[in-house]
There are 2 protein chains.
Amino acid sequence: MARPTIDDIARRVGVSKGAVSFALNGRPGVSEATRARILQVAEEMNWRPHTAARALGGARAGAVGLVIARPARTLGVEPFFAQLLSGLQAGLSAQSVALELLVVEDTEAEIEVYRRWASEHRVDGFILVDLKVRDTRVEVVEGLGVPAVVLGGPGRHGSLSSVWADDREAMLSIADYLAALGHRRIAHVAGLPTFQHTQRRMRALRDSARRLGLAEVSSLPTDFSDAEGAATTRMLLSRPRRPTAIVYDSDLMAVAGLGVAGEMGVAVPGDLSIIAFDDSVLTRIVHPALTALTRDTFALGTEVAESLLAIIAEPGLRRDRRTPTPRLAVRESTAPPALAG
Amino acid sequence: MARPTIDDIARRVGVSKGAVSFALNGRPGVSEATRARILQVAEEMNWRPHTAARALGGARAGAVGLVIARPARTLGVEPFFAQLLSGLQAGLSAQSVALELLVVEDTEAEIEVYRRWASEHRVDGFILVDLKVRDTRVEVVEGLGVPAVVLGGPGRHGSLSSVWADDREAMLSIADYLAALGHRRIAHVAGLPTFQHTQRRMRALRDSARRLGLAEVSSLPTDFSDAEGAATTRMLLSRPRRPTAIVYDSDLMAVAGLGVAGEMGVAVPGDLSIIAFDDSVLTRIVHPALTALTRDTFALGTEVAESLLAIIAEPGLRRDRRTPTPRLAVRESTAPPALAG
DNA sequence: GCCGACTACTAAACCGCTCTAGTGACTGGG
DNA sequence: CCCAGTCACTAGAGCGGTTTAGTAGTCGGC
């Protein structure tokens, strides 16, 4: 027998389709005896709801959408994303909601996908990542009236809910730590300046420099690639007065920077301290292991998933969740600067 | 105006629903003039098909499923998967087919998901990865009658189509290369022995040893984690007669192994040559950069996507595609063994 | 004994689209 | 001139659910 439908069940039990629907959805309208009988027969026939049919009636699609606007080839190298994805999965699968994933080239294409998926009823909600400084997506998604959670914050995402960690606070803690070690010349190999979190980190470092009276502090934007991370490091270490500490906006760039230091004969942490603004196996696998800001990206993912599910269940709800500020895991790549600093 | 339906278009143009459906799907049954008019109005009204409604009529779901049975937390660290995912995306999005992704704990749960998705008509096909030696999934998916492509081969996947690269050939080329350099004691830090490709690689190495007359060659299974990769390396390097070359089944383990060598004062490539059986930024970012077997995982992904789409379009088709054998990219981690070998 | 309220259920509309059977107009061949 | 065949299109069933309106039957109260 092919796919049994509720009609088959209804016939077999000797009731109407409607009764079966009520029974299967735990809705009032059938007696307990009948409900039990229906459930039993459904079980026997191995019945499963046809998602399309359900969705057609205006119900849930049973999936949420994540669209990532990055060149597809670079996605593979970001431990962050894979971790986040895993966490999202864990959170969603608890309610057997699927994740619909799409990688597109640019924000324009991304917006087009939101439009399409929303109008196709393909998903019940969206997850927005990589928030830009003036992000057009927020407005569009708000306009679509589809529940959505923004990863990043605080503020700047209209009426959408968000899950965020305090980048600013984290950067301040790094600056404090480096200053306490005695570093005065600190460089920051940043990410794309169009991202909100990049901006926040740069601003935080600038503020720290002023407050702590650090002489030479600079943030240098990159595209997050290992290549630019390496190139920027090479440039920094070629300066006559090289920085004694470098903070990298991603673990990948930090590892690339460590490689450059090795290649140029700069000892880590003797001549140069390195801190990564993101953690993963990468930082622990290299030698010396990198001091890094760790946060539980997996947990972040589950948090986002839960937020989104909550909003889907109760539209209109707005929920801003701040996750724990990343903490500095001190490993072997940081030390007081050499005396000749 | 909310979502326009084909009925709205029909009313506006002054034709029937059927005509609109024909026109929008490029099917015969309407005149060119009417078709043009309908398309124009559909465009004006910004109409999009409701996927659920389409799927209900027995048509395509417009999505394919990928279920991965691994602890979710470890997924994040495998560059391979993210790359594959990107490639899949690229291949699928060409026909705007979505990818439904789910990470589960074990094979049992994975099979349950196949069952559910198939009966829910949620996807049009499946992609099976991590093929085990005696894999129960193949049989189940065959039984479901849903198109599927297996990543891995050759053989051992029943009537399902497959996309595969020649692991055996690749391992032979590594053995040949190391033997030519003069290595006679070679260790192989393998992956999970339940995987088909792990078995194939181990067998190939054994065969090579016999053929080339290599004295001491051994394969040591691990769980693919950086931790076990490091531990196994530590064990190998503590032996009185340590190997002069180690082949790692993944780039992650190779990097971990490199770290252990550094920690134990074993020079790479002076005292020890290292080869990774998989390539990614990881191998290029460390120092010395690792000699590795490179293949285009992204291309592999698009290949799988295309195969699957072909089978969905034409059920019953069976298509085994062999992708180019991975080639050895020689970098800085391999050299002839020290004389005292 | 009758009314109203409640329970347990049925019948059927509906969601948006596809697809088949059918219809009317026109064409062309014998 | 009539009939068969094509063309362009319509009407409506059907996909598998949900949901609403309606309907018997029962029960309690006065």
Side-chain angles (χ1 to χ4, degrees), chain A residues 1-39 41-42 45-63 96 116-124, chain B residues 1-39 41-42 45-63 96 116-124:
Chain A
M1 163 129 196
R3 255 182 148 296
T5 71
I6 55 165
D7 228 1
D8 298 325
I9 301 177
R11 248 195 307 278
R12 184 117 140 211
V13 178
V15 294
S16 69
K17 278 189 351 174
V20 174
S21 178
F22 289 145
L24 292 170
N25 291 292
R27 222 167 288 255
V30 281
S31 66
E32 272 318 309
T34 312
R35 181 188 306 275
R37 175 110 185 77
I38 290 172
L39 288 178
V41 170
M45 301 181 80
N46 195 29
W47 175 87
R48 296 295 152 74
H50 191 306
T51 42
R54 274 204 172 142
L56 191 51
R60 300 278 145 72
S96 37
R116 200 174 72 226
W117 283 3
S119 63
E120 287 177 350
H121 269 206
R122 196 185 263 279
V123 297
D124 301 319
Chain B
M1 164 132 195
R3 254 183 150 296
T5 71
I6 56 165
D7 228 0
D8 299 325
I9 300 177
R11 250 195 307 278
R12 187 118 138 211
V13 177
V15 293
S16 70
K17 280 188 348 174
V20 175
S21 178
F22 290 144
L24 291 171
N25 292 293
R27 222 167 287 257
V30 280
S31 66
E32 274 317 308
T34 312
R35 182 189 305 275
R37 175 110 187 78
I38 289 172
L39 288 177
V41 171
M45 299 179 83
N46 195 28
W47 174 88
R48 297 296 152 75
H50 192 305
T51 41
R54 274 205 171 143
L56 190 50
R60 302 278 143 72
S96 37
R116 199 174 72 226
W117 281 4
S119 63
E120 286 177 349
H121 269 208
R122 196 186 262 279
V123 296
D124 301 318

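Chain naming here is simple, since letters A, B, ... match the order of the sequence lines and numbering starts at 1 in each. Just the heavy atoms: all of them, side chains too, but no hydrogens, waters or symmetry mates, feed the values below.
You'll find the side chain of B/R11 reaches within 4.5 Å of the side chain of B/D8, heavy atoms only.
Comparing C/dC15, D/dT18, C/dC19 by their nearest atom to the side chain of A/I6 picks out D/dT18. Looking at the side chain of A/N25, the nearest of the listed nucleotides C/dT18, C/dT10, D/dT18 is D/dT18. Proximity note for A/F22 (side chain, C-beta onward) versus D/dC9, C/dG16, D/dT19: the nearest is D/dT19. Listed nucleotides: D/dC9, C/dC9, D/dG17. Nearest to the side chain of A/T5: D/dG17. Side chain of A/L56, nearest nucleotide from C/dC15, D/dC9, C/dC9: C/dC15. Closest contact between the side chain of A/V30 and the listed nucleotides C/dC9, C/dG16, D/dC9 involves C/dC9. The side chain of B/R27 has C/dC19 as its nearest neighbour among C/dC9, D/dT10, C/dC19.
One finds no side-chain N or O of B/W47 lying less than 4.0 angstrom from the OP1 or OP2 phosphate oxygen of C/dG16. For A/R54 and D/dT18, the shortest distance from a side-chain N or O to OP1 or OP2 is below 4.0 Å. The phosphate of D/dT18 (OP1 or OP2) has a side-chain N or O of A/S21 nearer than 4.0 angstrom. In this structure, A/R35 does not reach the C/dA8 phosphate: none of its side-chain N or O atoms is under 4.0 Å from OP1 or OP2. Here A/S16 reaches the OP1 or OP2 of C/dT10: one of its side-chain N or O atoms lies under 4.0 Å away.
Interatomic distance, OG1 of A/T51 versus CG of A/L56, reported as 11.0 Å (0.5 Å rounding).
In this structure, B/R122 places its CZ atom 15 Å from C1' of D/dG17, rounding to the nearest Å. Taking atom CD1 of B/I9 as the reference point, atom C1' of C/dT18 lies 14 Å away to the nearest angstrom. Atom pair A/L24:CG and C/dC9:P shows a separation of 14 Å (rounding to whole Å applied). Atom P of nucleotide D/dA11 and atom CZ of B/R11 are separated by 13 Å, given to the nearest angstrom. Taking atom NE2 of residue B/H50 and atom P of nucleotide C/dT18, one finds them 12 Å apart after rounding to whole Å. Between the P atom of D/dA8 and the CD atom of B/E32 lies a distance of 9 Å, rounded to the nearest Å. The nearest whole Å value for the distance from the CZ atom in A/R48 to the C1' atom in D/dG17 is 16 Å.
Between A/R12 and A/M45, the shortest heavy-atom distance links the atoms NH1-CE, 3.7 Å. The minimum heavy-atom distance between B/A63 and B/R122, with the atom names listed, is CB-O, 4.0 Å. Scanning all heavy atoms of the two residues, the minimum distance from B/A52 to A/A55 falls at CB-CB, 3.6 Å.
When the nearest nucleotides of DNA chain D are assigned to B/S31 and B/K17 by heavy-atom distance, the more 5′-ward of the two goes with B/S31.
Residue A/V15 is in sugar-phosphate contact alone, with no base atom involved, counting any heavy-atom pair closer than 4.0 Å across all strands shown. B/P49 comes within contact range of the sugar-phosphate backbone alone, with a heavy-atom separation under 4.0 Å but no base atom that close.
Using modelled atom types, no side-chain atom of A/R35 and backbone atom of A/G29 make a donor-acceptor pair closer than 3.5 Å.
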